[in-house]
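Just so it is clear, the structure is predicted and the values come from calculations on it, not from any experiment. Worth knowing before you read on, the calculation uses all heavy atoms, side chains too, and leaves out hydrogens, waters and symmetry mates.
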Amino acid sequence: MEKEVYLTILFDYYGKLLTEKQQRYFSYYYFDNLSLGEIKDNLNISRNAIHKQLKVIEEKLINYEEVLHMYEKDKKLEKIIEKIEDKKIKKEIKDIIK
């Protein structure tokens, strides 16, 4: 899986654990596709500071997954749910985990 896609998935799981500033940096860079220079202009901070923060954020997201395994568990659950033939039970389980 491409690194950027993986990080955005992890952000969906763990983004609320980041500071508001970290969430903003991540969103600008990964969701809004802003360059470091554009983010620098928007926030009045150095490109280097933004770059360092993005690396810290990436490490945090990966570490959260290594400890909590939420994404990994969801993928496993989805595979198990797909094997269930009873549509009503399948829907009930999906409603609980979503």
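- Annotation: the span from Glu72 atom CD to Lys75 atom NZ amounts to 9.0 Å, rounded to 0.5 Å.
- Linking ILVMFWY side-chain heavy atoms closer than 4.5 Å, directly or via other members, places Phe11 and Leu68 in a single hydrophobic cluster.
- When the side chains of ILVMFWY residues are joined at heavy-atom separations under 4.5 Å, either directly or via intervening members, Tyr71 and Ile96 end up in two distinct hydrophobic clusters.
- For the atom pair CD1 of Ile80 and CD1 of Ile84, the computed distance is 8.0 Å after rounding to the nearest 0.5 Å.
- The side-chain heavy atoms of Leu77 and Ile93, taken from C-beta on, include no pair separated by under 4.5 Å.
- Residues Gln53 and Lys21 have side chains not in contact (no heavy-atom distance under 4.5 Å, counting atoms from C-beta outward).
- Remark: Lys83 NZ to Glu85 CD distance equals 12.0 Å, nearest 0.5 Å.
- Not one N or O on the side chain of Gln22 forms a donor-acceptor pair closer than 3.5 Å with the backbone of Ile57.
- With 3.5 Å as the limit, one finds a donor-acceptor pair spanning the side chains of Glu58 and Tyr30.
- In this structure, the separation between OH on Tyr14 and CG on Asn63 is 10.0 Å, given to the nearest 0.5 Å.
- By the neighbour-count criterion of 12 heavy atoms within 6.0 Å, atom CD of Glu4 is densely surrounded, having more than that number from other residues, nucleotides or ligands.
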Donor-acceptor list for residues 31-52 side chains, cut-off 3.5 Å, not counting sequence neighbours:
| from | atom 1 | to | atom 2 | distance (Å) |
| --- | --- | --- | --- | --- |
| Ser35 | OG | Gly37 | N | 3.4 |
| Ser35 | OG | Glu38 | N | 3.1 |
| Ser35 | OG | Glu38 | OE1 | 3.4 |
| Glu38 | OE1 | Ser35 | N | 2.7 |
| Ser46 | OG | Ala49 | N | 3.0 |

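- Between Tyr64 and Met70 there is no side-chain heavy-atom pair separated by less than 4.5 Å.
- Two residues are said to be in side-chain contact when any heavy atoms from C-beta on lie closer than 4.5 Å; Leu61 and Phe26 meet this criterion.
- Heavy atoms from other residues, nucleotides or ligands lying under 6.0 Å from NZ of Lys91 number 12 at most.
- Here the CG atom belonging to Leu17 is positioned 9.0 Å from the NZ atom belonging to Lys60, to the nearest 0.5 angstrom.
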Please step through side-chain contact (heavy atoms from CB on, under 4.5 Å) for the pair Lys94 and Glu78, ending with a clear verdict. CA-CA 8 Å; Lys94 283 184 177 183; Glu78 285 176 14; over 6 Å; no
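- When only modelled atom types and interatomic distance are considered, Asp74 and Tyr13 share a side-chain donor-acceptor pair under 3.5 Å.
- Distance check, rounded to the nearest 0.5 Å: NZ of Lys73 to CD of Glu65 gives 9.0 Å.
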